Amino acid sequence: MAALEVAMNAFLPPDRRPEARDEALARCLARRDTYDTTVLKENDDLYFVSFLPKLSRCGIELETPIMDAGAVYAIDARGRILAEL
């Protein structure tokens, strides 16, 4: 859970303001509940946390998917971000 918290705070800081040409899309992407989250434990010292948006949770359906709205973080056992993939 610590790895998830570290990654979420890096990906969507609590004070983040939405930015996009489409205001509804920006608000959607700024909501934490928009994202499916997966935590994979590689070993006791390495975790991968991924965030993938589900715009349908905001009632948004796009013809062309957004390819760069998610992220994957590598987090060590001390809660340090090793990489953002």
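Note that the structure is predicted; figures quoted are calculated from it, not measured.
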Could you state the interatomic distance from [atom1] ([X]) to [atom2] ([Y]), rounded to the nearest 0.5 Å?
{"X": "Asp76", "Y": "Asp44", "atom1": "CG", "atom2": "CG", "result": "12.5 Å"}
{"X": "Glu42", "Y": "Leu40", "atom1": "CD", "atom2": "CG", "result": "8.5 Å"}
{"X": "Ile66", "Y": "Leu55", "atom1": "CD1", "atom2": "CG", "result": "5.0 Å"}
{"X": "Leu25", "Y": "Cys58", "atom1": "CG", "atom2": "SG", "result": "8.5 Å"}
{"X": "Asn9", "Y": "Arg32", "atom1": "CG", "atom2": "CZ", "result": "5.0 Å"}
{"X": "Ile75", "Y": "Leu82", "atom1": "CD1", "atom2": "CG", "result": "7.0 Å"}

Closest heavy-atom contact between [X] and [Y]?
{"X": "Ala69", "Y": "Pro53", "result": "CB-CG, 3.6 Å"}
{"X": "Ile60", "Y": "Cys28", "result": "CD1-CB, 3.9 Å"}
{"X": "Arg57", "Y": "Asp33", "result": "CD-O, 3.3 Å"}

Legend entry - side-chain contact (heavy atoms from CB on, under 4.5 Å) assessment of Arg27 paired with Arg31: CA-CA 7 Å; Arg27 282 193 313 269; Arg31 290 177 29 191; 5.8 Å; no
Inset, instruction - Enumerate the residue pairs fulfilling ring pair (Phe, Tyr, Trp, His ring centres under 6.0 Å) with a member in residues 30-85, sequence neighbours excluded, ordered by first and then second residue. - result: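 Qualifying pairs, neighbours excluded: Phe11-Tyr35, Phe11-Phe51.
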Would you say [X] and [Y] are hydrophobically clustered, going by side-chain heavy atoms of ILVMFWY under 4.5 Å?
{"X": "Leu12", "Y": "Val6", "answer": "yes"}
{"X": "Ile81", "Y": "Met1", "answer": "yes"}
{"X": "Leu46", "Y": "Leu85", "answer": "yes"}

Legend entry - For Asp45, salt bridge (charged side-chain N to carboxylate O under 4.0 Å, His left out) partners two or more places apart: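 With neighbours one apart ignored, the set is empty.
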